[in-house]
Amino acid sequence: MLQLNHIQNNKEEVLARLAIKHFDGTKIIDDIVAHDTDRKKTQAELDNTLAKLNGVSKEIGQLMAQKKSEEAEAKKKETASLKEDAKQLEEKKAHIEKVLHDLLVRVPNLPHTSVPIGRTPEENVVVREGGVEPKLTVDAKPHWELTTQYNLISFELGNKITGAGFPVYMGKGAKLQRALISFFLDKAIAAGFLEIQPPLMVNADSGYATGQLPDKDGQMYFVNEDGYYLIPTAEVPVTNIYRDVLLKEEELPVKMCAYSQCFRREAGSYGKDVRGLNRLHQFDKVEIVQLEHPDKSYATLDAMVSHVESLLNALGLKYRILRLCGGDMSFASALTFDFEVYSAAQKKWLEVSSVSNFETFQSNRMKLRYKDKNGKINLAHTLNGSALALPRIVAALLENNQTSEEGIRIPDVLRPYTGFDWIK
RNA sequence: GGAGAGAUGGCUGAGCGGUCGAUAGCGGCGGUCUUGAAAACCGUUGAACAGCAAUGUUCCAGGGGUUCGAAUCCCUUUCUCUCCGCCA
């Protein structure tokens, strides 16, 4: 959520920046400014009315203490119209605030100045590439054939038990999942992140705080009975640990990591893009989250990118890092780097991580603040990134490490976790 | 699930219809003293909104009500604790 003062003072700049995200804010920003002005005016009127009311009440109290009950009774009559005024102003203010909030919550975050102009994923800018493309034999198979051949994952069983996009992992397939989760968590912990095991369902307040609501309402699974949402990412519960928290400056940065299952409805997708592990409704992910001082958040973003990069290097995957263009960025992000790994058998890039700085967009929604050395209270910056999402990593590992004779090779760094070197 | 008790500032804990945004202790910050530190002593110390400021308004778990006036009374929701029951 953008800060009202910033919108009021920098209207033209806000509109220009929103345009980079291909969001036409002309009408909504005007609306917001008008409502905010109205809000202030109404608040002032209400304050004045209440001040008068408080004054009279105090006088009555003093008169009572002096046993001048007749005068006190006379004063009581004065309050009637003031109370009526206050009530109406109260209602007016509540209404304006609700409208204002509903407007504000629909405006995306402003993109950072370094965000490339562009509308589609093709216009994202490649920052750098790493790793080596494997040389596969001509009979190399896509992962959805390998998972069947080696009995690692059953998409059919998941379909039977639940529906499409809910695979069943078995044997070495299941063990590989656990190995990757442990490996990613251990790396994050070694990098100073505190491990968190969060709830997998959150309430609406949490959804609003990190920006999934109202923007992504309908993309999340919703539990009617209790009004809970299944989390689309651990970012939501983990960041919300600090909702309504006032930190001391020296407590920053706060570094947390979490493994969780993630649930996404992703309605409307189809075709070979969603084949096999390419897109699922339930998947595993290790997420890293940081709360940071505004002066340091972009350096921290770089450090998080480096962390993710080190994971891909350790796994020996060919990857590239993209700076997302305005049109491809998420609602809440100010700057996002995506990581893609190259799937040699599918001959395509698969997104495996998204690392973002949200600046004050989330912290403003969730009142996450810190008190600086001078006692001034400021909003903290929030950042997060996948480190990493499992399914496409598994897809790339299976495809890129397959051999015709010996089976599928497990990367060295995972072997202590899997307990086996090959899938045969 | 049954019975009872409770929720107050960073923490502990008073206040139970009027001048209470709230006594006190601890903690924090500043100072005196000290070569330095501790102790002692003095001062200071919640948040939001509007305003250049003075100041005003709001907040004593959340929501609603009674009253001229609510931290204090009533209703309600949530949560916590104690005892009993059940349970991976």
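We name chains A, B, ... by the order of the sequence lines, and we start the count at 1 in each one.
Electrostatic pairing of R415(A) and D421(A) counts as a salt bridge here, judged by a charged N lying under 4.0 Å from a carboxylate O. Salt bridge E73(A)/K76(A): present, at least one basic N to carboxylate O contact under 4.0 Å.
Taking the six-membered ring for Trp and the full ring otherwise, Y370(A) and H293(A) have centroids separated by under 6.0 Å. Separation of the H112(A) and Y298(A) ring centroids falls under the 6.0 Å cut-off. You'll find the ring centres of F155(A) and F166(A) outside the 6.0 Å limit.
Of the two residues contacting RNA chain B, namely G61(A) and K83(A), the nearest-nucleotide position lying further toward the 5' end is that of G61(A).
Separating the CG atom of L82(A) from the C1' atom of rU67(B) is a distance of 16 Å, rounded to the nearest angstrom. Between the C1' atom of rG10(B) and the CD atom of E251(A) lies a distance of 10 Å, rounded to the nearest Å. Taking atom NZ of residue K76(A) and atom P of nucleotide rG17(B), one finds them 17 Å apart after rounding to whole Å. As a whole-Å value, the separation of D205(A) CG from rG62(B) C1' is 11 Å. Look at CG on N203(A): it is 12 Å from C1' on rU78(B), rounded to the nearest Å.
Only the C1' atoms considered, rA3(B) is 27 Å distant from rU8(B), to the nearest whole Å. rA22(B) and rU58(B) have their C1' atoms separated by 15 Å, given to the nearest Å. Annotation: rC33(B) and rC20(B) have their C1' atoms spaced 37 Å apart (nearest Å). When the P atom is used for both rG30(B) and rG15(B), the distance is 34 Å, rounded to whole Å. Here the separation of rC83(B) from rA47(B), taken at their C1' atoms, is 39 Å to the nearest Å. Using C1' as the reference atom, rU78(B) and rG85(B) are 23 Å apart when rounded to the nearest Å. One C1' atom belongs to rA48(B), the other to rC11(B), and the distance between them is 23 Å to the nearest Å. Taking atom P on both nucleotides, rG64(B) is separated from rC81(B) by 28 Å, rounded to a whole Å.
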Which nucleotides of RNA chain B pair, in dot-bracket form (Watson-Crick or G-U under 3.5 Å, | meaning another strand): ((((((((.[[[..)..(.....]]]((((((.......))))))(((((....))))).[[[[[..)....]]]]])))))))....
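Every pair passing salt bridge (charged side-chain N to carboxylate O under 4.0 Å, His left out) that includes a residue from residues 287-303 of chain A is listed here, sequence neighbours excluded: K285(A)-E287(A). Among residues at least two apart or in separate chains, salt bridge (charged side-chain N to carboxylate O under 4.0 Å, His left out) pairs with a member in residues 42-54 of chain A are K41(A)-E45(A).
The side-chain hydrogen bond (donor to acceptor under 3.5 Å, both in side chains) test applied to Q362(A) returns E235(A), T382(A), not counting sequence neighbours. Residues that satisfy the side-chain hydrogen bond (donor to acceptor under 3.5 Å, both in side chains) test with D36(A), not counting sequence neighbours, are Q8(A), R39(A).
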Which parts of nucleotides 47-59 of chain B does protein reach within less than 4.0 Å, heavy atoms only, written one letter per nucleotide 5' to 3' as B for base, S for sugar-phosphate only and - for none? SSSS-----BSS-
